[in-house]
Amino acid sequence: MSAEKTPIPLGSNFIRAIVEKDIEQGVYSTRKWAGTPGDAAHHAAGQPDPAKIRTRFPPEPNGYLHIGHAKSIFLNFGLARDYGGVCHFRFDDTNPEKESQEYVDSISDAVKWLGFSWENVGPEHNQNSMYFASNYFDLMYRAAESLIENGHAYVDSQSAEEMRIMRGTLTEAGKNSPWRDRTVAENLSLFREMRDGKHADGSLILRSKIDMASPNINLRDPAIYRIKRAHHHNTGDKWCIYPMYTFAHPIEDALEQITHSICTLEFEDQRPFYDWLLGRLAEAGMLAHPLPKQYEFARLNLTYVVLSKRKLIDLVEDNHVSGWDDPRLPTLAGARRRGYVAEGFKLFTDRIGVSKADSWIEYTILEDCMREVLNESSERRIAVLDPIKLVIDNYAVDADGKSQTEDCFAPNHPLKPELGKRVVPLSRELWIEREDFMETPSKGYFRLVPDGLVRLRYGYVVKCTGFEKDAAGNVTTVHCEYLPDTKSGTPGSDSIKVKGNIHWVSVAHAYETEVRLYDRLFKEAHPGAGDSDYLNDINPNSVTLITAQLEPSLKDVNPEDRFQFERHGYFVADRKDSLAGKPVFNRTVTLRDAWQK
RNA sequence: UGGGGAGUCGCCAAGUUGGUUAAGGCACUGGGUUUUGAUCCCAGCAUCCGAAGGUUCGAGUCCUUCCUCCUCAGCCA
């Protein structure tokens, strides 16, 4: 039909290429799935896996999710969705000291908020895909014994400090531990004693037995099981030994029949161990081929924010922000309160792509994505954020001197006439923006100026007749006269053409409330760049609290309702601080403004 | 200085086994529409792919050397 080249699909990246190739070659087509995680025997008794691929999103429940996690979530859940697979939502909870149910809950909330679920998923919509690494402690323990039995692991009596010294350096080989050649029987009995609580924390440790001279330090007999008497949020006090990430993660993937285990670049050096471990366990018959494979991509770096867990904790604990859900924070809880939307994050992740190159994404990309979906989805409303009074001196008053009121009609969405119009009342005294009037206009300014004409949006064209200032010289009131034939929507509305078009709210009808104007938390694109302290780069004006005058319809909205305040930006009714009939608003993001540039 | 990665337009990022004019998005610039200086629409925007050599009829894609950046020495994940 046409000779055009085939278009490159949106979101094409090296991981999708790998998945497509694997599916095409049937690499994972022989896998079986017993319906629940388990070892080789467990799955061998199951059915051919209806899921073409299995990916996983494995957060440790020791903190709040942030924008970087959103990239991983959309990647892993997106892959599963696009290729007929399942994404396992798995808590990597192998270190009880740092983890808690609070984090399990907040992480679950965030994932759900982004639009993903773990109930009734999979090709047959009957799977619950939320898992906990801690549910595999028995199997992991068995795997450790299997390693010992086959001479691939030993119990070391060295202290952590001694181990560090013996490990060597980046350029020097390490030395074998004096305990490296304990017999299988001795190792087994010692390991069982560890499990049974016969030894103090830190006194003994199980290590894999690989190569202390390996150029890859991760292969110099890495620790795989440590003694740690700590209460676990899921297993309670059942265990006093816990597996290390290095050991636990590959096994978790294998037990869950994961096909593509996708993580960030810093785990690249870990991959040889991942493959080594799974290889040994497969030899021992505990796992079956094909084994899961690990792939790495570059983690997200965003300008003007910090995403490291440590820094986020500092910001919260040192009260630089109000909490984990502070709207200025890049946490998903914060983004949600700020008014950011899940579809915006989806757009964002599609737009930034996935690769192995370290990169810094400009924060405006994220803002643009939010603008793009909010423009489409948000109804328009009118809000005056920095009010001065406009008096229409020739506007009709009743016999008692009170202003008359008339209805103006404002479309709820200019791109969607089917959403209808709403009434906004007009009267003699209005609130307008301070910046919409200039006594001596700068070049190119086309709003209200002395003797000038401007349209009151959805109302009349008015002519400025004068203004008043206070003692400090600030304009407090502008006077004008309206042109009766020019009302919007009437035949004469176009009789006079004006370029300026300003919004307004009737003083007598306005809903006065608090509005928080958020700006970026950091004033530098790369907070803490070089050796500087990132806290020094905090923007002292990241939030401005104002009292704004809003159109009356805004009084009765629900928490998390989102609107575009015309000519200002997108705002959301705060989900925490809004009371019934008394919402307060957060500015999500401003509109683009070609004039201020 | 050992190992493992990465370097394509200001910011991201496609570029199958080398094949002839280096996708796309964001940003930017110019123009149009518009009762939001918003949205939308149109046009422009890398003779060049970290650098230098080489192989080839032909290289971002192959070879050599070099440069820069990231990452690994937790009983964290």
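Note: hydrogens, waters and symmetry copies are ignored here, and every other heavy atom, side chains too, is used. If you're wondering where the values come from, they're calculated on a predicted model, not measured in any experiment. Chain letters run A, B, ... following the sequence lines, proteins first and then strands; every chain starts at 1.
Shown here, B:rA23 forms no base pair; nothing in the strands shown gives a Watson-Crick or G-U wobble contact with both key distances under 3.5 Å. Nucleotide B:rA6 is matched to B:rU68 when pairs are restricted to Watson-Crick or G-U wobble geometry with both distances under 3.5 angstrom. Nucleotide B:rG74: unpaired (no Watson-Crick or G-U wobble partner with both distances less than 3.5 Å).
A salt bridge links A:Glu296 with A:Lys356; the closest basic N to acidic carboxylate O contact falls under 4.0 Å. In summary, A:Arg207 and A:Asp156 engage in a salt bridge, as defined by a charged side-chain N under 4.0 Å from a carboxylate O. Ion pairing of A:Glu379 with A:Lys416 is absent here, as no side-chain N (NZ or NE/NH1/NH2) approaches a carboxylate O to less than 4.0 Å.
Relative to the side chain of A:Glu566, the nucleotides B:rG2, B:rU36, B:rA77 differ in distance, and B:rU36 lies closest. Proximity note for A:Lys356 (side chain, C-beta onward) versus B:rG5, B:rA73, B:rA13: the nearest is B:rG5. Candidate nucleotides B:rG37, B:rG2, B:rA14 were compared by shortest atom distance to the side chain of A:Phe446, and B:rG37 ranks first. Distances from the side chain of A:Ala357 to the nucleotides B:rA38, B:rG7, B:rA77 place B:rG7 closest. Side-chain atoms of A:Tyr245 lie closest to B:rA77 of the nucleotides B:rA77, B:rC12, B:rG74. Each of B:rU36, B:rA13, B:rC72 was ranked by its minimum atom distance to the side chain of A:Arg380; first place goes to B:rU36. Candidate nucleotides B:rC11, B:rA73, B:rU35 were compared by shortest atom distance to the side chain of A:Ser488, and B:rU35 ranks first. Out of B:rC26, B:rG5, B:rC75, the shortest distance to the side chain of A:Met244 is found at B:rC75. Distances were taken from every side-chain heavy atom of A:Thr171 (C-beta onward) to each of B:rU1, B:rC11, B:rG37; the shortest belongs to B:rU1. Comparing B:rC26, B:rG37, B:rU36 by their nearest atom to the side chain of A:Gln564 picks out B:rU36.
Counting non-hydrogen atoms under 4.0 angstrom, A:Tyr458 reaches a base of the nucleic acid. Using a 4.0 Å heavy-atom distance criterion, A:Asn501 is classed as a base contact. Using a 4.0 Å heavy-atom cutoff across all strands shown, A:Pro272 reaches no nucleic acid atom at all. Heavy atoms of A:Tyr445 sit under 4.0 angstrom from at least one base atom. In this structure, A:Glu376 reaches neither bases nor backbone, as no heavy-atom distance under 4.0 Å exists between it and the strands shown. Using a 4.0 Å heavy-atom distance criterion, A:Leu170 is classed as a base contact. Among the heavy atoms of the strands lying under 4.0 Å from A:Arg455 is at least one base atom, whether or not backbone atoms are also near. Looking at heavy-atom distances under 4.0 Å, A:Gly63 makes no contact with the nucleic acid at all. Using a 4.0 Å heavy-atom distance criterion, A:Gly444 is classed as a base contact. The residue A:Glu99 sits apart from the nucleic acid: no heavy atom pair falls under 4.0 Å. A:Ile352 comes within 4.0 angstrom of sugar-phosphate atoms only, judged by non-hydrogen atoms across all strands, and of no base.
Across the P atoms, B:rU61 and B:rC28 are found 33 Å apart, a figure rounded to whole Å. B:rU16 sits 16 Å from B:rA22 when the C1' atoms are compared, rounded to a whole Å. A distance of about 26 Å separates the P atoms of B:rA6 and B:rU47, rounded to the whole Å. Nucleotides B:rA14 and B:rU8 place their P atoms 11 Å apart, quoted to the nearest Å. Here, B:rA73 and B:rG3 have their C1' atoms 12 Å apart, quoted to the whole Å. Separating the C1' atom of B:rA13 from that of B:rA27 is a span of 14 Å, rounded to the nearest Å. Going from the P atom of B:rC75 to that of B:rG60 covers 47 Å, rounded to whole Å.
Straight-line distance from the CZ atom of A:Arg220 to the P atom of B:rC72: 15 Å, rounded to whole Å. Per the geometry, CD belonging to A:Glu433 stands 12 Å off P belonging to B:rG37, to the nearest Å. Note: CG (A:Asn218) to P (B:rG3) measures 15 Å, nearest angstrom. We find that CZ of A:Arg371 is positioned 12 Å from C1' of B:rA27, with the value rounded to whole Å. Taking atom CH2 on A:Trp595 and atom P on B:rU36, their separation rounds to 17 Å, with Å as the unit. Going from atom CZ of A:Phe273 over to atom P of B:rA77 covers 13 Å, rounded to whole Å. One interatomic measurement links the two molecules: OH of A:Tyr295 to P of B:rA6, which rounds to 15 Å at whole-angstrom precision. The distance between atom NE2 of A:His232 and atom P of B:rA77, rounded to the nearest whole Å, is 10 Å.
The side chain of A:Arg16 places no N or O atom within less than 4.0 Å of a non-bridging phosphate oxygen (OP1 or OP2) of B:rU16. A sub-4.0 Å separation between OP1 or OP2 of B:rC76 and a side-chain N or O of A:Arg226 is present. A:Ser12 has a side-chain polar atom (N or O) that falls below the 4.0 Å cut-off from OP1 or OP2 of B:rG15. Phosphate proximity of B:rC76 to A:Lys228: present, with a side-chain N or O under 4.0 Å from OP1 or OP2. Close to B:rG74, at under 4.0 Å from its OP1 or OP2, lies a side-chain N or O of A:Arg167.
Within the 4.5 Å cutoff, side-chain heavy atoms of A:Phe585 are placed close to those of A:Leu554.
A donor-acceptor contact under 3.5 Å links the side chain of A:Asp269 to the base of B:rG3.
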Stepwise, does the side-chain contact (heavy atoms from CB on, under 4.5 Å) test hold for A:Val454 with A:Ile502?
CA-CA 7 Å; A:Val454 78; A:Ile502 68 174; 3.9 Å; yes
Worksheet entry | Chi angles and distances behind the side-chain contact (heavy atoms from CB on, under 4.5 Å) call for A:Leu390, A:Leu448 | CA-CA 11 Å; A:Leu390 178 75; A:Leu448 240 201; 3.9 Å; yes
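Between the side chain of A:Asn301 and the main chain of A:Ser359, a donor-acceptor pair closer than 3.5 Å is present.
Nearer the 5' end of RNA chain B, as judged by each residue's closest nucleotide, is the contact made by A:Val354, out of A:Glu60 and A:Val354. Comparing A:Thr94 and A:Ser359, the nucleotide of RNA chain B nearest to each residue sits closer to the 5' end for A:Ser359.
Partner of A:His503 under the side-chain hydrogen bond (donor to acceptor under 3.5 Å, both in side chains) criterion, chosen from A:Arg380, A:Arg381, A:Glu433: A:Glu433. Each of A:Asp436, A:Asp593, A:Asn501 was checked for a side-chain hydrogen bond (donor to acceptor under 3.5 Å, both in side chains) with A:Arg567, and the lone residue meeting it is A:Asp436. For the ring pair (Phe, Tyr, Trp, His ring centres under 6.0 Å) test with A:Phe247, the passing option among A:Tyr274, A:Tyr225, A:Phe137 is A:Tyr225; the others fail.
Within 90° of 0 lies the glycosidic angle of B:rG74, which makes this nucleotide syn.
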